[in-house]
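Quick notes on the structure that follows.
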Amino acid sequence: MDPQPGIVPRKIKGFRDIGPQMNELRWHIIRAAAGIYRLYGFEHWDTPLLEYADNLGKYLPDADTVEEGIYSFHNPEAEPMLAGDGREIRNEWDHVVMNRYYLALRYDLTAPLARLYAERLWNDSLKGGLSPDKAPLFRRYQYGPVFRYEYKLDPGRFREFWQVDFDTVGSSDQHVDAEACMILSRAMEAIGLPADSYQVKVNNRKILKGFLSVAGIPEQREDAILRVIDKLDKIGLPGIESELGKGRPDASGAFVPGLNLGQNELSRVMAFLEKFSGTATRTEVLSAIRSEKQMNNDLEEGLNELQTIHDVLNAWEMDETRIVFDPSLVRGMSYYTGPVFEVVSDLSYTDHRGRQRKVGSICGGGRYDGLVERLLGMKIPASGASIGVDRLAELLMMTGQYKASAAGPVLILVFDTTLLNEYHIIAHTLREAGIDTEIYFGAQKGLKKQMAYADRKNSPFAVLMGEDELKKGSVTVKDLRLGRETTDIKDKEEWKNRVQSEIPRDQLIGYIREHL
RNA sequence: GCCGUCGUAGCUCAGCUGGUUAGAGCGCCUGACUGUGGAUCAGGAGGUCAAGGGUUCGAAUCUCUUCGACGGUGCCA
C-alpha cells in the first residue's frame with residue numbers, strides 16, 4: 001500500500017531558524033542602523049506584515065494564479081467592494097457587493113509606507129484639501145521581516161529576510177537623496193564595516209534613460225537594455241556587448257539570447273559604458289557625462305541632480321572612496337524614478353569548497369516619485385533606502401568581521417535536589433544584580449549533563465553548591481570560558497584548580513562581575 | 001523555466017572499470033580519570049547507498065522516471 005500523507009517537521013524553503021548568535025548579530029545591525037536614522041530625525045513606525053495586495057502595488061493576483069514574487073491569498077473575510085473614491089459598490093438590487101480581497105505579505109517596507117502615508121491623507125485629498133506642493137513632510141524608519149517568493153535561493157538570498165528602512169516622503173529636494181547616501185555610509189560604519197570595505201554607489205536613472213533615447217533606442221527596448229547593463233559587474237563589458245548583440249553561450253553551454261541591437265546602437269551604448277570604466281571619482285563621472293555631444297531633458301536633469309548630490313557630499317567632506325557615482329547602476333526597474341543607490345561590499349569569503357564568494361549588494365534605495373501617486377492620485381515625491389539585514393549579517397558572519405559572543409546565562413547546577421530552595425535564593429540575588437541566571441531543570445540530572453548544557457549555551461560561569469559548600473557558606477564557581485580556552489593541561493586536577501574556585505556566598509556577585 | 005553537475009551515516013566525504021556482512025573523520029551516546037564541561041583513553045549506536053521502475057546470476061556502481069541540492073542562465077518589487 002502506498003504511504004499515507006503524514007506530518008514531517010520541517011521548514012519552508014528559504015525560511016530560516018535564527019539561533020542566538022545570529023540573532024545577536026541581527027539586532028546589532030538593527031540597533032546600529034536605527035540609531036543613525038534617529039540622528040537624522042526619522043521616527044519609528046511599524047506597519048502590519050499583511051496588506052491588501054492591491055495596496056502594495058504591481059502584483060495583483062488574478063483569480064487562480066499565485067502571482068510571482070509575493071505570497072498572497074484570499075482574505076477569509078468578505079468585505080464590501082469599494083470604488084476608487086471609497087464608496088461601496090452596490091448591485092442592481094441596491095445590495096452591497098461583497099468581495100474577499102487578496103492579501104499579501106509585504107515584500108518590502110517602502111510600499112507599506114506609501115500606503116501609510118496615503119491612508120492618512122486620503123480624506124483630505126478626497127475633499128480637495130491637498131495638493132502636491134502642500135504634501136506634509138514625513139520621515140520614518142522601520143525594521144522587520146519582508147517576504148518574497150523567490151524561485152531560486154542563492155547564498156544570502158532568502159524568502160523571509162529583514163530590512164531596516166528609512167524614507168522621506170514629501171520632499172523632492174536632492175539634499176534628501178544626498179543625505180540618504182550619507183546615512184547609508186554612516187550606518188555601515190556604525191554596524192562595523194571598515195570604511196574602505198564598502199562603497200555607496202549612486203546613479204540617476206534619468207541619465208541612462210536620457211542617453212538611450214538620444215542614442216535612438218525605442219522606449220520599449222529600454223527596460224531590457226537596462227537589465228543587461230545592470231549585470232555589468234557580473235559579466236563585464238564583453239558580456240554586455242554580446243548580450244546586447246547576438247547573445248552568448250553561458251558557462252554551462254546553454255545559449256543566452258541577445259537583444260540584437262543594431263550595430264550603430266550597440267556601439268553607442270558600449271562607448272557610453274566604456275567611457276566610465278576608467279572613471280574613479282565623482283568629478284570625473286560628472287564631466288564624462290557633461291562631455292556627451294547630444295543632450296536631452298532627461299540627461300540634463302539627471303546630470304544636474306547628480307551634481308547637486310555631489311555638491312552636498314563635498315560640503316560634508318564625504319570623500320570619493322565611500323560614495324561613488326556609477327552610471328551603469330540600474331536597480332529596481334519600474335519603481336525608481338531618479339537617483340538610485342546601492343551599497344556593495346568588497347569583502348569576500350571562502351566557501352566550504354574553497355571558492356571566493358561575494359554577497360552582493362547589501363543596501364538598496366532611491367527616489368520613487370510615483371508610489372504614493374498610485375494610491376492617492378497625486379504625485380508626491382519620496383526617497384529612501386533599506387539595509388538588507390540578513391544578507392549583511394551573512395556577510396559579516398562569513399567574513400569573520402563579527403565575533404558573535406551570544407553569552408548564555410550563569411548556570412546554577414542542581415547538585416542536590418534537597419538544596420533547590422537555596423539555588424533559587426542564589427539565582428534571585430544574581431538576577432537582582434542584573435546577571436542572567438538559570439537553574440538547571442533538565443531531566444538528566446548527571447553533573448556531566450549539566451556541565452555540557454552550560455557549555456552548549458555558552459554560559460560564562462557554572463555555580464556549584466553541594467553539602468560541603470553549604471556548610472561552609474560558600475559556592476564553587478567554574479569559569480567556563482577559561483575552561484574552553486584551556487587545552488594545554490592534560491591533568492584533570494590541575495585543570496580544575498585553574499578553572500574553578502570556591503568563594504564565600506556573599507562574594508559571588510562581586511566575583512562574577514569582576515570576571516565577566 | 002532552460003543548460004550542466006550531483007544526491008552514500010546528523011555533518012564532510014571515500015567506495016577503481018557492477019561481485020561476498022558499505023567505510024573514514026567530525027559529531028552523537030556510554031564508560032574510565034573527577035561530587036564536574038575541555039584534553040586524553042576505551043567502547044557503542046546510527047545507512048532498504050534520495051524515491052520508484054528497468055538491464056543483470058548479481059547494482060551504491062549501468063539505464064529511465066520523479067523528487068531534491070548545487071552551479072550557470074532567465075526573472076527580480
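Atom set for the values below is all heavy atoms of this structure, side chains included, hydrogens, waters and symmetry mates excluded. Naming: A, B, ... by sequence-line order, numbering from 1 per chain.
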(request) Taking atom P in both B:rC6 and B:rC13, compute the distance separating them and give it to the nearest angstrom. (result) 14 Å
(message) Taking A:Leu329's backbone N and O only, do any of them form a donor-acceptor pair with A:Arg205's side chain (distance below 3.5 Å, no angle check)?
(response) no
(message) Please check: side-chain N/O of A:Thr337 versus main-chain N/O of A:Asp369, any donor-acceptor pairing under 3.5 Å?
(response) yes
(request) Look at the side-chain N and O atoms of A:Lys478 and state whether any lies under 4.0 Å from the OP1 or OP2 oxygen of B:rG38. (result) no
(message) Would you measure the distance from the C1' atom in B:rG47 across to the matching atom in B:rU8 and give it in whole Å?
(response) 8 Å
(request) Consider the side chain of A:Arg484, meaning its heavy atoms from C-beta on, and name the nucleotide among B:rC75, B:rA69, B:rG37 that approaches it most closely. (result) B:rG37
(message) Tell me the interatomic distance from A:Leu226, atom CG, to B:rA77, atom P, rounded to whole angstroms.
(response) 11 Å
(message) My understanding is that a pair needs two contacts under 3.5 Å, Watson-Crick or G-U wobble. By that rule, which nucleotide pairs with B:rC62?
(response) B:rG54
(message) What's the gap between B:rA39 and B:rG72 when it is taken at their C1' atoms, as a whole Å value?
(response) 46 Å
(request) In whole angstrom, give me the gap between the C1' atoms of B:rC33 and B:rU40. (result) 9 Å
(message) Does B:rA77 have OP1 or OP2 under 4.0 Å away from a side-chain N or O of A:Arg148?
(response) no
(message) With rounding to the closest Å, how many angstrom separate the P atoms on B:rC57 and B:rG15?
(response) 28 Å
(message) Ring centres under 6.0 Å, that's the criterion: do A:Tyr107 and A:Phe147 meet it?
(response) no
(request) Check the distance between B:rC75's C1' and A:Asp230's CG and give it to me in whole angstrom. (result) 12 Å
(request) Could you let me know what B:rU48 is paired to, Watson-Crick or G-U wobble, both distances under 3.5 Å, or none if it's on its own? (result) none
(request) In whole angstrom, give the distance that lies between atom NZ of A:Lys11 and atom P of B:rA69. (result) 13 Å
(message) In this structure, is the centre-to-centre distance between the rings of A:Tyr117 and A:Trp122 below 6.0 Å?
(response) no
(request) Could you give the distance separating B:rA9 and B:rG46 at their P atoms, to the nearest angstrom? (result) 15 Å
(request) Provide the distance between the two P atoms, one in B:rU17 and one in B:rA60, to the nearest whole Å. (result) 15 Å
(message) Less than 4.0 angstrom between a side-chain N/O of A:Lys496 and OP1 or OP2 of B:rG37, yes or no?
(response) no
(message) Would you say A:Arg456 places a side-chain N or O within less than 4.0 Å of OP1 or OP2 belonging to B:rG37?
(response) no
(message) Using the P atom as the point on both nucleotides, what is the distance between B:rG53 and B:rG18, in whole Å?
(response) 23 Å
(request) Would you please determine if the base of B:rG38 is stacked by A:Trp495, with stacking meaning a centroid separation under 5.5 angstrom and planes under 30 degrees? (result) yes
(request) Select from A:Glu243 and A:Glu502 the residue whose nearest nucleotide in RNA chain B is closer to the 5' end of that strand. (result) A:Glu502
(message) If I take atom CZ in residue A:Arg367 and atom P in nucleotide B:rA77, what distance separates them, rounded to the nearest angstrom?
(response) 19 Å
(request) Provide the Watson-Crick or G-U wobble partner of B:rU30, both distances under 3.5 Å; none if there is no partner. (result) B:rA42
(request) Using a heavy-atom cut-off of under 4.0 Å over every strand shown, decide if A:Glu485 touches base, sugar-phosphate, or nothing. (result) nothing
(message) Rounded to whole Å, please give me the gap between CG in A:Leu259 and P in B:rU73.
(response) 15 Å
(request) For residues A:Tyr143 and A:His44, establish whether the separation of their ring centroids is below 6.0 Å. (result) yes
(message) Please confirm whether the shortest side-chain N or O distance from A:Lys449 to OP1 or OP2 of B:rU30 is below 4.0 Å.
(response) yes
(request) Take the protein atom CD1 of A:Ile412 and the nucleotide atom P of B:rG37, then report the distance between them rounded to whole Å. (result) 19 Å
(request) Give the rounded distance in Å between these two atoms: OH of A:Tyr107 and P of B:rC75. (result) 19 Å
(request) Go through the N and O atoms of the side chain of A:Lys13 and the base of B:rG68, and report whether any donor-acceptor pair is under 3.5 Å. (result) no
(message) For A:Lys445, is the NZ atom crowded, meaning more than 12 foreign heavy atoms sit under 6.0 Å from it?
(response) yes
(request) Looking only at side-chain atoms of A:Lys448, point me to the closest of B:rC33, B:rU73, B:rA77. (result) B:rC33
(message) If I take atom CD in residue A:Glu342 and atom P in nucleotide B:rA77, what distance separates them, rounded to the nearest angstrom?
(response) 12 Å
(message) Assuming nearest nucleotide by heavy-atom distance, tell me which of A:Ile235 and A:Leu447 is located more 5' along RNA chain B.
(response) A:Leu447
(message) With a 3.5 Å limit on both atom pairs, tell me what B:rA69 is paired to, counting Watson-Crick and G-U wobble, or say none.
(response) B:rU5
(message) Any side-chain to backbone donor/acceptor pair from A:Tyr423 onto A:Met465? Under 3.5 Å, distance only.
(response) yes
(request) Kindly point out which of B:rU73, B:rU30, B:rG37 is positioned nearest to the side chain of A:Gln444? (result) B:rU30
